Novice: 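Structure incoming, see below.
Computed from a predicted model, the values in this text were never measured in an experiment. Because only heavy atoms are used, hydrogens play no part in the values below, and waters and symmetry mates are left out as well, while side chains stay in. Convention: sequence-line order gives letters A, B, ...; per-chain numbering from 1.
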2 protein chains.
Amino acid sequence: MHAYEKIRAEMLHRITRQIWPAGGNLPHEEQLAAEFGVARGTIRRAMADLVQQGIIVRRRKAGSKVASRIAHSSTLTIPIVRHEIIDSGADYGYELLSAEKGGNALDKTGHFKGAPLFHICCLHLSDGRPYQFEDRLINLDAVPDAAETNFDNKSPNEWLVEKVPYSAVGTVLRAEAADSTQARHLKIRKGYPLFVIERQTHLDILPVTLVKMSHPADLFSITTQTGVFD
Amino acid sequence: MHAYEKIRAEMLHRITRQIWPAGGNLPHEEQLAAEFGVARGTIRRAMADLVQQGIIVRRRKAGSKVASRIAHSSTLTIPIVRHEIIDSGADYGYELLSAEKGGNALDKTGHFKGAPLFHICCLHLSDGRPYQFEDRLINLDAVPDAAETNFDNKSPNEWLVEKVPYSAVGTVLRAEAADSTQARHLKIRKGYPLFVIERQTHLDILPVTLVKMSHPADLFSITTQTGVFD
DNA sequence: AGGGCTAATATGTCTATACATAATCGTCAT
DNA sequence: ATGACGATTATGTATAGACATATTAGCCCT
């Protein structure tokens, strides 16, 4: 175990046990360096992870303090659906439902500002049961290759991840009731709860793709763990 | 703009534009340091954020490479519900529904291993409309003060965050259909989609609290942004 | 009091160097 | 081939010092 890890663990201990109470100031880097008998850089290294997690807050001249309300923040990872299914031990199945080229008529949100679009709907299955309904718009200005691509056997999700660079991603998570289209494809009744992930991807300012992924509530959840250093 | 920020932006540019293709190796720290005319430490500083985001992967001796499948990971923050409502510009309302002390009979999951428990149900309202139904178990061995506390006016959520240290948090996000209890309190019909957050908090290995927070699907979503450095 | 300037100060950036460590790669013996 | 072993090497950790910069805190002036 490295020095900075021991120090980080000790600092976390002092915070969780309220030896350093929430909202209170910590000693300066120099003082801590002296206390632990290390260089200032090592103290900074130890604190870096705690800052990253929002456990301590640092400001020039004002000093470092324990966050008064430690945010319950955690990193969530949304995997490629095929890997998710295979990793769970199930068989993965894929089905293309529709692939239709069209203009801005498809762009109901105005997100793509009149660019030529490719609209694809497909289904991902886990052990033969519908797992995710994917409804995607691709900006053909940003991804001209997509127009020539056949998504019969490969999902646009994976194709894009492999082929297309992006620089920014926005994600929305929410629940909603299945409409008739979603219900038909996911083989559930209309109104059944869905876990929906919407994601839009940009390359600099150019919108690349907008996707809505719907899952039957009973098949899908997202789990995260945080805050364990050992 | 600091040197490491410029370098990080340039590296990200090379990755998103596939000058450094996914899965490919990038130059050594020494080479990059020479190219950018900085010390090795500055290159490491620039790379640190990219590693943190999972954009590059580094291994001793093997070198650094662009992640072959960049995970769509992002940091999600779950705020205290009162702040969330107030920040949205709405009026916050709180209502205690029940507060009942009891033994391990309440612990259906076996999570608390027979510890004495406090079971609290309450409601958070946004502009008078039910926004979150909170169903919580508190371990009185971990938080004896809770037994003496009156949650008539203050939600256990906030009380705990202020008073009780914790060291690890597990969170599950999912959708589900409202059961009759949830429907009654949230004033929606049974079967209506809910966005549910379940969270369990530990202090070291001691379970502190287990909470299920249910929101009507139309009122709640989680939004994240990632990958923009500028 | 209140407003504005200055000095003090804790954190942030950067450099340069040394050594530690994990993994790979080639070599050699089997 | 195959496996063991040791050299090589890129990243990881730690140190010490210099300077930059944001903010506070104190001071002076009105």
Novice: What is the distance, rounded to the nearest whole Å, between atom CD of A:E29 and atom C1' of D:dA14?
Specialist: 15 Å
Novice: Output the rounded distance in Å from CD1 (B:I43) to C1' (D:dT11).
Specialist: 14 Å
Novice: If you pin A:A62 and B:G41 to their nearest nucleotides in DNA chain C, which one's is more 5'?
Specialist: A:A62
Novice: Heavy-atom count check: over 12 atoms from other residues, nucleotides or ligands less than 6.0 Å from B:N153 CG?
Specialist: no
Novice: Measure across A:A22 and A:A67 and return the closest heavy-atom pair with its distance rounded to 0.1 Å.
Specialist: CB-O, 3.8 Å
Novice: Flag the pair A:K6 and A:E10 as a salt bridge only when some basic side-chain nitrogen lies within less than 4.0 angstrom of an acidic carboxylate oxygen.
Specialist: no
Novice: NE2 of A:H28 versus P of C:dG12: gap in Å, rounded?
Specialist: 13 Å
Novice: Whole Å only: how far is the CD atom of A:E30 from the P atom of D:dG17?
Specialist: 11 Å
Novice: Could you tell me how far apart A:R45 (CZ) and D:dG12 (C1') are, to the nearest whole angstrom?
Specialist: 9 Å
Novice: Taking donor-acceptor contacts at under 3.5 Å, does the side chain of A:R60 reach the base of D:dT21?
Specialist: yes
Novice: Just how far, in rounded Å, is C1' of C:dT21 from CE of A:M1?
Specialist: 17 Å
Novice: Rounded to whole Å, how long is the line connecting atom CZ of B:R58 with atom P of C:dT24?
Specialist: 15 Å
Novice: Side-chain N or O of A:S64 less than 4.0 angstrom from OP1 or OP2 on C:dT11?
Specialist: yes
Novice: Assign each of A:L26 and A:H2 to its nearest nucleotide of DNA chain C by heavy atoms, then name whichever residue's nucleotide is nearer the 5' end.
Specialist: A:L26
Novice: Kindly say if B:T42 contacts the phosphate of C:dT13, meaning a side-chain N or O under 4.0 Å from OP1 or OP2.
Specialist: no
Novice: Answer with base, sugar-phosphate or nothing: what part of the nucleic acid does B:R44 contact at a heavy-atom distance below 4.0 Å?
Specialist: base
Novice: CZ of A:R8 versus C1' of D:dT13: gap in Å, rounded?
Specialist: 13 Å
Novice: Which of parallel (below 30°), tilted (30 to 60°) and perpendicular (above 60°) describes A:H215 and A:Y131?
Specialist: perpendicular
Novice: Please tell me if A:R59 has a side-chain N or O lying less than 4.0 Å from either OP1 or OP2 of C:dA10.
Specialist: no
Novice: Between the side chain of B:E5 and the main-chain N/O of B:H2, is any donor-acceptor distance below 3.5 Å?
Specialist: yes
Novice: Heavy-atom nearest nucleotide on DNA chain D for A:Y4 versus A:K61: which residue maps closer to 5'?
Specialist: A:Y4
